[in-house]
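When reading the values below, keep in mind they use all heavy atoms of this one structure, side chains included, and skip hydrogens, waters and symmetry mates. Because the structure is predicted, anything quoted here is derived from the model rather than measured. Every chain is numbered from 1 and lettered A, B, ... according to where its sequence line falls, protein lines coming before strand lines.
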Amino acid sequence: MSGTIKVLNVAEKPSVAKSVSGILSRNQGLRVRDGRSRFNRIFEFNYSVRGQPCHMLFTSVTGHLMELEFEDRFRKWHSCDPADLYHAPVRKHVPEDKMDIKRTLEEEARRCQWLVLWLDCDREGENIAFEVIDVCRAVNCHLTTRRARFSALIEREIHHAMQNLVDPNQWFSDAVDARQEIDLRIGASFTRFQTMMLRDKFVIDSATDDRNLVLSYGPCQFPTLGFVVERYWEVQSHEPEEFWTINCSHKLDEGVATFNWMRGHLFDHTCVVIIYEMCVQEPTATVTAVRHQEKRKYPPYPLSTIELEKRASRYFRMSSEHTMKVAEDLYQAGFISYPRTETDCFSSRTDLHLLFWKLNLIGMPCWILKAIVQEQQEHPEWGSYAQRLLDPRTSLWRNPSSGGHDDKAHPPIHPTKFSTGEHNWSQDHRKLYDLVVRHFLACVSQPAVGAETTVEIDIAGELFSTSGRVILERNYLDVYRYESWGGSMIPTYTLGQQFIPTSLTLDTGVTRPPPLLSEADLLSCMDKAGIGTDATMHDHIKKLLDRFYATKDSNTRFSPTKLGEALVMGYDDMGHELWKPNLRSMMEFDMKEVSVGNKRKDEVLATCLQQMKACFLDARLNKVKLLEALAVFFERSNQAAGDDNHAAGEVVRQCGLCRESSMVLKKNRDGNFMVGCLGFPQCRNAIWLPGSVLEAAVTSNICGSCNPGPVYLIQFKFRQLEIPPGFNANHLGCIGGCDDTLRQLIEICGTGSRMSARGRGPTTTSSNVQRSSSRQGACLYCQQTGHFSNDCPSQFSGSRNSRSRTNSQNGEPSVPCSTCGTPCVLRTANTANNRGRKFYSCPSQDCNFFIWEDDHNNGSGGRSIPRAGINGSASNSSRGGGGRGRFGQNGARAADVTFVSATGDPISGRRCYVCGDPSHFANVCPNRGM
DNA sequence: GCAAGGTC
């Protein structure tokens, strides 16, 4: 074998390896042996490339060989802040179930000189090609790597590809790399964020075990959900509107003609009544036009995957996911062609492709198509139709028309083997095989022909029309029983003929909402917007059902679940279009630019991820919108408060102690805020914030002085009466050590958790030791060392939690709150103007009574400082929710909407979260303020 | 436990 080159050939799937080996070897000297994977066998034969004798080894992968994933330390959900996932290192690796294929490639690559890649000629195929290259080059760096380009499994094309090998296309592969990385980072970050934030806070009753519930986000699944929700909202917001119309009928011996008013219908009752009365007063009808036309109803285009799914859903109510599973079975058993195809035309190439299936048939394309028809002649149901098709005297044959799509890889779905039904077929296998065969026979048939007559009449100046149809030739309708074309007879009329109508009625009706989306509608929406591929659309639909985001009724129509609607509502209230298809469309546009070399992968990745991270951070900053939306539909969980401590918070900075995890802002069981390390319990670094903090949210502002950065500033809102006068209730603070105001408040007011008796003593102590190292001096009150100001023996009270103890310990007379009567707490101010001055404040959360001790002693009445009420805070948080057209295009607003289901039943559990009124949502609540 | 894309 000296001078013979050993060539390792790799195809994307086993069937292609087998087909190409058969073509190249001409089935001469073709041997086959098993590899390590039982699906991916190895074919061996000799071949000559431009005079160079080659020993060919031909094997395959099964789609992608590798997966993209985060490095180990980012893979656990609590290992990092989800925002870190936008820059966490990722790696491609071969998953365990593909290791046997990898080993086969390695073993064969070691003893070869060339590697020829026969992956599908699309972007994914090119990416898989590079995965194969990576694996093979790792064990044999001397491999010469070439790419075979082919678009059909036909002899001429395959030989041409082998004799004209090219280089793999890096741009195509780069586009897929970018898509994979973006999908992973966006999907994982949003999924972790919304799952960890929402799952335990609400009783999500749709799931049987909400502990395992995953609230996933994906750039394909969410727009798919968006389509469902948007249509649902349209249905919900529809306001039935009454309209009126005039109908006319004319009964003769030969039949009845029903004439429709050519104005259709009007919404102005008075106007219609006036016109109607005119007609009644002068009811003589004059025929003003009689038109005869020949109409054709054309057969469908050749069958693509999406059409197969849509038609199986429409005709058999089969889910797209189940359809693809059954189609895969039929394909594997050889009864139908490859079921994942975008092609809906039998172009010359795909005709030649069919030639491969029908070896030895040479001639015009229609002969090849006819060979398939020929095979069906013996079928008991459509055999006679197939015979008629092939009989030139019937003129039933017609070359199929083109739907205009060609993926250059696979022909339209068509039958490849005759069957009257196999013993192991289910009813669904039979139905789907029938559909594929009947569809194919219909495609190559003449259209149905009908004679249509239209008659127009004039009554008192108003025009009416009617039409009738007689089917002259059924043609393809004879075999394609799924479609019908109604025929209706009308009497004969002549131009100028006059008659008195049998009836002239003024009728009324109401407008109806659009129907909920059917599975076929949903597939159309996805196809139009470019969501998913023909091979994955059904997966995205199934995912909506699996995640409890949507349900499908017996009529295959989709409604969002409360969970699905709440999630979309939450993001919509934020003003984000994360649930709309635009994001995916923009990504696809960028991928296209990478694949043609107009943009670089790194450039697109950087831009896209930067934008998505900003979007993520903004969404997290506005997470209250999601919480509010969930609260519309679900009860708060009992665990909600308790588990807040464990929920992932917003990142403030990298932990300076363990240097591995992030420090995040959290709210504890007792309602107090702290900044803790995500590495807990391994790392116990924590900063306890003042107990007087009412609200705290991490902002995107970064402290300019604290290191190591970035340290994100926190927007605090303090309870006004729990901080000394002179301090502002709103404070943008830094926990990095530079913020004197915050430091003083911590020391004056104390921290909630330190004082709470929850047995966290050792932990709290150690973490406060951590914290104490960063601050200067000692007690701010008495300037003594050995204690902090909140424990200062020279003042009576320090923290909110020690108020009652301090009072009772010191036997302070309790002053009743003049507003609510609750005994007040005596506290000490520590501001520049009032240092040491004592004041009473009401401990009640709902009361703001405040009085200086000396004013009280002087008989002053004190004052009550207004605090934002429930309505006030709700109005702030829900502002901006309305007016974005959520409730359809006709301007209907939620305030006008009565919430009823599609069946007319009132929907329970849905109410305005501002005032509780079930008749509207909060975005249009009259009580929410501006 | 997260995505979407191949394919068995």
When you measure from the side-chain N and O atoms of [X] to the phosphate of [N], is any distance below 4.0 Å, counting only OP1 and OP2?
X      : N     : result
A:R199 : B:dC2 : no
A:R75  : B:dC2 : no
A:R179 : B:dA3 : no
A:Y338 : B:dT7 : yes
A:H540 : B:dA3 : no

Please pick, from [options], the nucleotide with the shortest atom-to-atom distance to any side-chain atom of [X].
X      : options             : result
A:C220 : B:dT7, B:dC2, B:dG5 : B:dG5
A:T536 : B:dG6, B:dA3, B:dC2 : B:dG6
A:D120 : B:dG6, B:dT7, B:dC2 : B:dT7
A:T191 : B:dT7, B:dA3, B:dG5 : B:dA3
A:E124 : B:dG5, B:dC2, B:dA3 : B:dG5
A:T195 : B:dC2, B:dG6, B:dG1 : B:dG1
A:H64  : B:dT7, B:dG1, B:dG5 : B:dG5
A:S216 : B:dG5, B:dT7, B:dA3 : B:dA3

Send over the distance from [X] [atom1] to [N] [atom2], rounded to a whole Å.
X      : N     : atom1 : atom2 : result
A:D183 : B:dA3 : CG    : C1'   : 5 Å
A:D539 : B:dG6 : CG    : P     : 10 Å
A:R584 : B:dA3 : CZ    : C1'   : 9 Å
A:E321 : B:dA4 : CD    : P     : 15 Å
A:M66  : B:dG5 : CE    : C1'   : 15 Å
A:I541 : B:dA4 : CD1   : C1'   : 15 Å
A:E69  : B:dA4 : CD    : P     : 17 Å
A:D546 : B:dA3 : CG    : P     : 11 Å

Reckon [X] touches a base, only the sugar-phosphate, or nothing at all at heavy-atom distances under 4.0 Å?
X      : answer
A:N127 : nothing
A:Q180 : base
A:R185 : nothing
A:G125 : nothing
A:Y217 : sugar-phosphate
A:I182 : nothing
A:S189 : nothing
A:K98  : base
A:R123 : nothing

N-O pairing of [X] and [Y] below 4.0 Å:
X      : Y      : result
A:D539 : A:K543 : no
A:K92  : A:E71  : no
A:D183 : A:R179 : yes

Exercise. Honestly, is A:R636 close enough over A:F202, meaning NZ or CZ under 6.0 Å from the six-membered ring centre and within 45° of the axis?
Worked result: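 Yes, a cation-pi geometry holds between A:R636 and A:F202.
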For this session: Please report the C-alpha distance between A:F43 and A:F58 in whole Å, then the side-chain angles of each, then the deciding distance to 0.1 Å, and finally whether the ring-ring contact (aromatic ring centres under 6.0 Å, His included) criterion is met.
Result: CA-CA 5 Å; A:F43 300 88; A:F58 215 123; 7.5 Å; no
Exercise. Given that A:L85 and A:K13 both sit by DNA chain B, which one's nearest nucleotide is further toward the 5' end?
Worked result: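 Its nucleotide being nearer the 5' end, the pick is A:L85.
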For this session: Specify the residue among A:L184 and A:L65 whose closest nucleotide of DNA chain B lies further upstream toward the 5′ end.
Result: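 The residue mapped nearer the 5' terminus is A:L184.
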Exercise. For the residue pair A:F616 and A:F193, does the interplanar ring angle fall in the parallel (under 30°), tilted (30 to 60°) or perpendicular (over 60°) class?
Worked result: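 Ring orientation of A:F616 relative to A:F193: perpendicular.
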Exercise. Looking at A:W425 versus A:F335, is the centre-to-centre ring distance below 6.0 Å?
Worked result: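 A:W425 vs A:F335: aromatic centres under 6.0 Å.
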